[in-house]
Amino acid sequence: MAQIATPATGAEKSRKALDRAVIRFAGDSGDGMQLTGEQFTTESAWAGNDLATLPNFPAEIRAPAGTLFGVSSFQLQFGSQRVYTPGDRLDCLVAMNPAALKVHLSDLKTGGLLIVNTQAFDKRNLDKAGYAANPLDDATLAERYRLHKVDMTGLTLEAIKDLPLNTKEKDRTKNFFALGLVSWIYTRPLEPTLDWIKKRFIKNKDIAEANTRVLKAGHAFGETAEIFVEHYAIEAAEMAPGLYRAMTGNRALAWGLLAAAQRSKLPVVYGAYPITPASDILHELAMHKRFRVRTIQAEDEIAAVTAAIGASFGGAIGVTASSGPGIALKGEGIGLAVTAELPLVVLNIQRAGPSTGMPTKTEQADLMQALYGRNSEAPVIVLAPATPGDCFFIAYEAVRLAAKYMVPVIVLSDGFLANGSEPWLIPDPNTLPPIEIQFRTEREGFFPYLRDPATLARPWVRPGTPGLEHRIGGIEKQDVTGNISYDPENHDHMVRTRAEKVRRVAQEIPPTSINGPATGDLLVVGWGGTYGAITAAVEQAQTAGKSVASVHLRHLNPLPPDLGHILREYRKVLVPEINSGQLVRVLRAEYLVDAVGFNRVRGLPLASEEIHEAINQLLGGKA
Amino acid sequence: MAQIATPATGAEKSRKALDRAVIRFAGDSGDGMQLTGEQFTTESAWAGNDLATLPNFPAEIRAPAGTLFGVSSFQLQFGSQRVYTPGDRLDCLVAMNPAALKVHLSDLKTGGLLIVNTQAFDKRNLDKAGYAANPLDDATLAERYRLHKVDMTGLTLEAIKDLPLNTKEKDRTKNFFALGLVSWIYTRPLEPTLDWIKKRFIKNKDIAEANTRVLKAGHAFGETAEIFVEHYAIEAAEMAPGLYRAMTGNRALAWGLLAAAQRSKLPVVYGAYPITPASDILHELAMHKRFRVRTIQAEDEIAAVTAAIGASFGGAIGVTASSGPGIALKGEGIGLAVTAELPLVVLNIQRAGPSTGMPTKTEQADLMQALYGRNSEAPVIVLAPATPGDCFFIAYEAVRLAAKYMVPVIVLSDGFLANGSEPWLIPDPNTLPPIEIQFRTEREGFFPYLRDPATLARPWVRPGTPGLEHRIGGIEKQDVTGNISYDPENHDHMVRTRAEKVRRVAQEIPPTSINGPATGDLLVVGWGGTYGAITAAVEQAQTAGKSVASVHLRHLNPLPPDLGHILREYRKVLVPEINSGQLVRVLRAEYLVDAVGFNRVRGLPLASEEIHEAINQLLGGKA
Amino acid sequence: MSPSEAKEAPKYTKKDFESDQDVRWCPGCGDYAILSAIQKTMPDLGIPKEDIVFISGIGCSSRFPYYMNTYGFHTIHGRAPAIATGLRVARPELKIFVVTGDGDGLSIGGNHMLHVLRRNVNLTILLFNNRIYGLTKGQYSPTSELGKVTKSTPVGSVDRPVNPLSFALGCGATFVARTVDRTIPHMDEMLKRAAAHKGTGFIEILQNCNVYNDLAWNVIYDRESKVQHELRLEHGKPLLFGPPDDRRALIMQGVSPKVVRAKDVPESALWVHDETNVNAAKLIADLFAPDFPIPVGVLAAVEAPVYEDLILEQEQKAISDRGPGDIAKLLTSGDTWKIS
Amino acid sequence: MSPSEAKEAPKYTKKDFESDQDVRWCPGCGDYAILSAIQKTMPDLGIPKEDIVFISGIGCSSRFPYYMNTYGFHTIHGRAPAIATGLRVARPELKIFVVTGDGDGLSIGGNHMLHVLRRNVNLTILLFNNRIYGLTKGQYSPTSELGKVTKSTPVGSVDRPVNPLSFALGCGATFVARTVDRTIPHMDEMLKRAAAHKGTGFIEILQNCNVYNDLAWNVIYDRESKVQHELRLEHGKPLLFGPPDDRRALIMQGVSPKVVRAKDVPESALWVHDETNVNAAKLIADLFAPDFPIPVGVLAAVEAPVYEDLILEQEQKAISDRGPGDIAKLLTSGDTWKIS
Ligand SMILES: Cc1ncc(C[n+]2csc(CCOP(=O)(O)OP(=O)(O)O)c2C)c(N)n1
Ligand SMILES: Cc1ncc(C[n+]2csc(CCOP(=O)(O)OP(=O)(O)O)c2C)c(N)n1
Ligand code: SF4
Ligand code: SF4
Ligand SMILES: [Mg+2]
Ligand SMILES: [Mg+2]
């Protein structure tokens with residue numbers, strides 16, 4: 001399958017070359033929009049485009065059909081240049097029913113392509129969507145957008161009327177009609193999807209046949225129907241050569257842990273309690289038992305984190321993950337790992353809060369909790385991936401640092417990274433830094449809290465090691481011996497030592513890479529999932545001749561040692577975050593720079609557009 | 001009993017006037033040092049002195065006799081001027097056994113008064129304390145200090161040999177000998193103690209008789225024995241006239257809640273799970289059922305906070321308290337109260353951490369947790385009492401603000417305030433600000449999240465109110481209606497609204513009072529239990545002619561509106577805290593002032609001495 | 001005072017208990033049946049609807065309060081029993097229902113369940129048992145059978161399940177019953193019984209999650225199988241089940257329940273169900289198909305002290321003995337001294 | 001593999017299991033007796049001491065690991081069962097003991113106790129029940145009797161206590177026993193039995209807190225009372241107790257245990273104790289003085305799948321079926337495309 005995709009047929013109609021496009025499939029939860037989007041993504045990846053995706057689905061499992069809150073959508077941007085985000089405004093919207101139209105129309109550019117499934121616009125659905133009259137009858141719609149009314153349902157049923165399937169089953173295939181049609185419009189290769197159908201429905205020939213026919217019908221419809229006067233080609237992007245795959249953040253985190261398990265030759269014990277959007281990591285890991293990953297679906301988040309700590313005490317890699325309220329529950333346990341000085345990896349897939357909040361929506365508001373959400377002084381390492389694929393490297397790095405420094409590491413991913421995907425250049429595992437585990441076995445001169453001079457890490461001892469029997473716990477202990485101690489000076493010393501140990505991790509951080517001039521009017525500082533939006537906005541401003549640069553932090557505690565110096569090289573500092581201003585407070589406190597925040601907390605990724613505006617405003621310019 | 005204390009007899013021996021003294025009683029956990037100290041405190045209060053105390057006992061319930069970790073001590077400073085702290089170095093140390101001497105000697109001033117119970121210095125105790133030889137035989141001890149070897153045990157037994165008590169019972173009274181002796185040395189009135197003995201042992205005449213005799217024996221010993229050449233008088237302090245009582249922080253918190261219950265005419269539902277040092281609040285409240293305080297000893301801290309939330313939903317005052325790890329467990333619950341917008345009071349009696357840490361030792365390291373220790377943006381009000389007595393007003397204020405703004409309030413007390421006591425001018429409850437509770441009953445135009453324009457508080461509705469049936473929860477909700485909403489703009493609006501509501505509390509904060517010049521070289525900013533130490537240090541520096549002032553924050557979120565302006569009036573800002581630098585980070589981030597921290601994390605209160613040194617260092621001067 | 005004594009409740013219909021919120025469960029979910037059964041039963045309780053509160057945790061089942069036109073609080077995962085306890089202590093005159101699931105109530109919430117049951121707080125607890133985590137899209141739950149294949153257990157779960165009835169009885173529950181989402185009238189009856197109980201009324205409702213665990217309870221749904229296995233518990237009636245032409249009897253053999261042909265057992269030797277015998281309830285709770293019948297109905301209903309009643313008694317006594325609290329008096333009590 | 005198979009254990013004495021830490025319990029505390037009993041029994045287990053781990057939560061009882069010269073982890077309040085589960089899954093060859101208290105294990109830790117018991121993780125759990133919170137200086141615990149006067153309940157507690165044995169059985173425990181801190185030999189025996197059990201071995205140890213709840217168990221301490229009430233459970237032996245001259249028998253009357261004069265009962269009608277009958281265990285667990293005897297010994301010991309065994313089986317199968325994981329292979333598996 002590894003090959004340059006061949007353009008699909010149908011070259012007779014005029015084909016316009018575009019350098020990027022943003023399209024969204026929207027319909028009922030039951031309409032299979034996520035699948036449609038994912039397949040379109042694979043096709044575009046095949047076509048050699050760079051891309052970024054944004055799935056968006058309701059919290060309800062299966063919201064009643066036709067309702068506004070039941071609408072599910074999948075957006076992606078693909079292009080022949082670097083694509084950083086799923087895009088802000090839409091070039092093309094596919095609306096499978098009135099509710100989808102109502103919810104998403106406002107995001108479509110004027111003059112944008114609007115494709116609707118006419119048969120879904122019946123009285124019942126219009127009522128459910130709260131339309132008094134059928135919007136398709138409203139002339140203004142056709143004026144503002146390039147509206148295409150297609151009876152997808154009808155054409156679908158027609159294409160497979162002879163197949164031995166019931167109407168429900170037949171109707172369910174109409175998303176492939178939409179996929180086929182849009183694939184034609186944007187000249188996507190159908191191979192990957194045809195391929196997928198074959199594999200997926202190997203056991204059900206009829207369904208396979210139906211989906212295949214309907215997909216082709218949709219494609220043919222675009223090619224032949226009079227209504228589509230033109231379609232588009234997007235050249236392959238200039239991307240680093242190599243083998244690629246589509247990668248989502250949650251899978252990348254899971255695979256990063258697998259890589260760490262293999263490299264360290266240690267089992268991973270993964271304690272987790274299901275919660276959106278972290279659950280998929282558990283699901284993924286549970287499929288890879290061959291890597292000696294042992295998943296414990298615990299009774300709650302406290303058991304999940306403490307089970308992981310027990311495993312670390314035993315000499316395995318203890319990992320736990322959660323989101324939102326589930327992370328709040330782990331604070332006490334993390335504190336134990338801090339004072340017991342055991343390795344622990346905590347994956348936080350941030351979601352919109354507070355409390356239960358909006359479980360399926362993204363947010364970046366757990367940074368302060370990661371830094372301070374425990375009783376007393378309990379410093380930990382905090383890392384944050386910048387893209388879905390980066391989650392792989394961050395998870396691996398988290399294990400490496402936790403084991404090397406004997407300290408918990410909190411990884412701050414988010415719902416957007418977790419479910420979003422990108423074409424990912426597959427790394428060679430051998431190029432990953434080694435994870436050297438040296439369990440102490442030497443009795444001579446052993447003490448539980450004897451420290452490595454370079455890292456200040458205490459020795460990691462596997463129970464079962466003769467002669468090194470010892471006891472540790474959550475009460476303050478004397479340095480070196482580890483015996484319980486209430487000595488005032490020792491406590492002060494231990495508080496400073498635990499902090500210094502984390503500070504030492506700064507020696508692991510590579511020089512901060514600056515995207516733009518090394519000095520100038522404005523530096524945009526970001527972290528986590530906003531990487532794409534910020535980069536796109538900054539490059540847009542740079543193209544417009546603005547003296548702007550950006551840095552994106554993957555290490556949030558400790559901060560990169562060169563950051564303070566870098567910040568002072570710019571007249572102004574802007575910090576866009578999907579929270580009320582957390583990193584910006586850290587930077588102000590740490591470096592006394594008058595950094596200002598750009599904050600929108602909507603449960604959605606930031607749009608590069610709005611960041612670009614913020615940049616211009618700060619520079620007193622116009623967009 | 002309310003009267004000016006009359007000086008005790010024994011005026012023949014030369015009596016030196018002092019303006020203050022710092023003394024410490026130290027002995028085995030079983031030696032009754034806490035009781036001795038408390039009685040001496042009452043006597044000193046009677047004598048009209050100002051004072052501050054510092055009890056210090058082991059975490060173990062009853063550590064084995066004679067061991068170092070089993071030593072228990074009680075320190076107080078009393079004086080004829082304002083006394084801010086229990087004092088740093090000791091003028092007088094009473095050591096009931098070798099372990100006590102070993103642990104505490106280093107705190108005694110050279111030339112200080114050292115009184116030891118000789119009979120306790122036997123082989124067994126010396127071994128347990130790790131003394132190779134008897135330190136009392138070491139001449140240097142008598143050279144460095146004014147050493148008085150007293151066979152307290154022997155004299156005690158002698159004084160009551162005729163009483164029908166067994167030796168164990170008799171031996172147990174020897175702490176009263178020490179008390180009597182030291183009372184004579186510092187001219188304390190015996191009445192309060194004699195009085196106390198009568199009441200306490202009403203049912204056991206022999207014990208009463210024994211303690212009385214031994215107390216007097218100790219007093220007489222000082223008066224007659226040749227060895228004590230002089231003793232001291234400390235004049236009554238210049239204190240505001242009125243009725244006083246000794247008050248500890250935990251009791252003050254409990255009574256503040258009682259005052260709030262009475263004033264608001266609402267029951268208090270207090271959910272708590274026992275933990276040191278917060279438990280005593282539960283014990284105190286459980287004794288005052290007449291105030292309609294309903295205590296729930298919950299199964300854990302999560303149940304404790306959520307039970308309190310359930311009570312608030314029901315229209316009662318929901319309160320919970322804990323310490324250390326117990327507070328870490330409440331984060332999720334507090335987040336629910338934030339989004340449900342219900343009143344909730346959380347008392348955090350801070351203790352040394354991280355994790356279990358040192359349960360009986362004090363610390364101030366939970367400030368950041370109070371501000372940020374929850375998932376996502378979950379702002380709450382944070383208050384901190386400055387002295388034991390101030391806990392009464394802070395607890396009352398916490399209830400008032402929680403109910404007025406429909407938001408959780410976290411109160412940051414600590415182990416030092418909780419157990420320490422001060423002579424407290426009893427307030428007139430009628431002078432407390434009113435707590436006006438208006439439950440919504442009007443159906444017309446009711447919405448669960450309709451807001452008061454001044455406070456942004458939503459209406460508080462008691463279930464049982466006809467016509468106002470409604471549902472609330474932890475999922476994001478539409479403003480006004482309170483219906484579940486995943487609308488992006490609404491979420492952003494709600495995040496800002498919850499933050500703004502807390503910000504509005506600034507309108508409740510009185511102008512910050514400055515102790516010292518309104519502008520100058522240095523401002524010392526403190527919060528919580530360090531008030532005394534900071535004030536003493538600052539006044540010492542002022543007396544030395546330094547241009548130094550201090551402000552002490554009782555409101556930590558929101559901060560006083562005038563603080564930013566005040567900070568800029570001084571060349572430097574010093575922030576002493578018993579943590580690694582938390583308030584200092586908040587001030588730097590908020591106001592971009594180059595505040596520096598003074599941080600010692602030893603599980604002990606800061607010494608005014610060391611703060612004074614820090615002041616001098618910062619001002620480049622000498623002490 | 002019980003709410004009903006408090007005021008005369010108006011005559012309600014089911015409609016009065018339907019809220020204006022759209023119901024957001026999957027089409028075909030067993031929760032719909034339970035919802036309508038409860039809305040239908042409410043009027044019969046004779047309680048003013050403003051005195052009724054539904055408290056829930058998190059889960060599909062826990063969405064329940066939004067759909068009841070009473071007071072409601074959709075709280076956090078697993079904590080509903082604790083929140084309800086606080087509410088009940090604050091407002092003992094309210095009628096409080098707790099709605100929870102097998103995950104909410106027995107996984108993360110297991111500890112609160114234990115303690116609310118032993119305290120015997122006056123609440124009605126409805127545990128919707130679908131043997132799956134529905135809201136999080138289908139992981140196995142503490143009631144899922146061993147070897148269950150789910151998203152999180154692709155080759156089968158490795159945890160032995162807990163039996164909610166046995167667990168509740170082991171915690172000292174005073175009222176324990178079981179009913180099924182597909183037998184509306186029985187649900188009504190159980191609901192009334194539980195609501196009338198003084199103390200914690202615990203009901204396990206077997207519920208179908210047609211999306212992630214369809215027909216998990218088919219052994220009691222399927223008409224034929226139901227006839228074979230359903231054991232309707234009725235106080236004072238012998239433990240008989242099975243088709244009319246082949247009735248089975250449950251009897252005690254030594255200290256173990258045993259199934260025999262009914263006609264082989266003399267009247268006198270039959271096991272007569274006694275709700276007040278917790279010992280018997282514990283034996284019955286463990287029974288299930290195929291080897292044993294599936295008990296449905298009230299397993300145990302016993303009298304015991306009620307937590308908040310004792311709290312209020314203590315409060316009343318303190319007040320009647322020494323009068324209501326007076327902070328001014330308290331402040332000046334004990335050791336004080338004047339400085340003039 | 002069990003540790004003993006692993007290596008030949010050296011011959012130990014009690015001393016080998018005494019750590020160098022000073023024991024910090026109150027003089028006279030029942031914990032001392034338990035500590036020395038356990039240190040004394042350890043050599044008989046024939047397990048190399050480096051393969052033994054003691055995990056505890058927080059409480060006086062939970063200080064235990066510091067005093068054992070083995071591996072030990074004094075963790076946080078209530079979480080020891082979860083931590084031990086993680087450790088066991090990581091290192092199934094270790095012999096793990098969990099030491100907990102009535103507060104640590106049944107109040108804050110109740111949920112983890114439920115789930116470790118139902119999962120049947122191979123651990124030995126020692127619950128020191130002194131019916132009080134010792135370390136926090138004397139508040140009532142979940143096992144304290146109703147009406148208990150303590151620091152936090154000056155006029156008496158209002159919570160009905162939970163019975164640890166009934167609770168454990170309700171959770172599906174596979175091994176449940178009770179012993180007493182003052183009967184060293186019996187403690188040894190129970191300890192060995194529990195340690196040998198495949199799965200979770202749960203022992204309630206009645207323990208005296210002489211400072212805050214002295215003689216709470218006097219009914220079984222007091223010589224006379226002990227003779228009257230102690231019921232020593234022995235597999236295959238009838239349930240007889242009481243003084244030789246006035247033996248009592250426990251029998252089943254219908255579905256309720258009943259006490260009768262032994263000599264009035266025919267041999268055949270005696271209730272013979274069967275550790276494998278969980279039904280019987282549940283009935284016995286609820287019994288206590290004065291009306292009934294106090295059962296001491298092994299109530300139940302049954303075979304059941306062990307959590308971590310199944311996890312490892314799945315892992316082994318996956319590896320033997322498809323070989324050990326290879327990240328390089330995984331990364332390039334499935335849909336990929338080359339860009340040149
Ligand atoms: C603290 C916390 N942990 C985890 C979750 C995620 N979560 C929501 S519901 C649920 C389980 C629901 O199962 P159940 O109680 O059986 O309800 P059902 O959906 O099956 O009705 C979980 C794990 C959460 N919301 N909060
Ligand atoms: C999270 C947390 N909550 C509360 C405490 C305080 N605490 C320590 S031990 C204990 C109860 C101990 O009772 P039990 O388990 O019976 O042990 P015992 O001291 O009686 O042996 C409590 C409440 C704590 N250390 N951590
Ligand atoms: S997921 Fe299952 S339980 Fe949840 S609503 Fe859908 S069918 Fe019902
Ligand atoms: S408090 Fe009680 S349980 Fe704790 S050590 Fe002392 S006697 Fe033992
Ligand atoms: Mg469920
Ligand atoms: Mg206990």
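Every chain is numbered from 1, with letters handed out A, B, ... down the list of sequences. Every value quoted in this text rests on a predicted model; they were computed, and no experiment measured them.
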If one checks every heavy atom of A/Ile302 against chain C at 4.5 Å, the contacting part turns out to be neither
Using non-hydrogen atoms and a 4.5 Å limit, figure out which bit of C/Val155 sits close to chain A: side chain, backbone, both or neither.
side chain
Side chain, backbone, both or neither: which part of A/Pro325 has a heavy atom under 4.5 Å from chain C?
neither
Under a 4.5 Å cutoff for heavy-atom pairs, which residue among A/Thr276, A/Leu285, A/Thr356 has the most contacts with chain C?
A/Thr356
Within-4.5 Å side-chain heavy-atom neighbours: A/Ser279 and C/Gln139:
yes
Decide yes or no for A/Leu282 and C/Lys151: does some side-chain heavy atom of the first lie under 4.5 Å from some side-chain heavy atom of the second?
no
Select one option (side chain, backbone, both, neither) describing which atoms of C/Thr75 are under 4.5 Å from chain A's heavy atoms.
backbone
Where along residues 250-257 of chain A does a heavy atom come under 4.5 Å of chain C, listed by residue number?
none
Kindly indicate, with the supporting measurements, whether the criterion side chain to side chain contact (heavy atoms under 4.5 Å, CB included) is fulfilled by A/Asp300 and C/Ser107.
CA-CA 7 Å; A/Asp300 63 20; C/Ser107 191; 5.9 Å; no
Could you give the distance from OH (A/Tyr273) to NE2 (C/His77), rounded to the nearest 0.5 Å?
3.0 Å
How long is the straight-line distance from OG1 of C/Thr136 back to NE2 of A/His283, given to the nearest 0.5 Å?
7.0 Å
C/Ser152 and A/Gln297: side-chain donor and acceptor closer than 3.5 Å?
yes
Would you call A/Glu301 and C/Ile108 a side-chain contact if the rule is heavy atoms closer than 4.5 Å?
yes
Which answer fits A/Ala303, side chain, backbone, both or neither, if we ask what part of it has an atom under 4.5 Å from a heavy atom of chain C?
neither
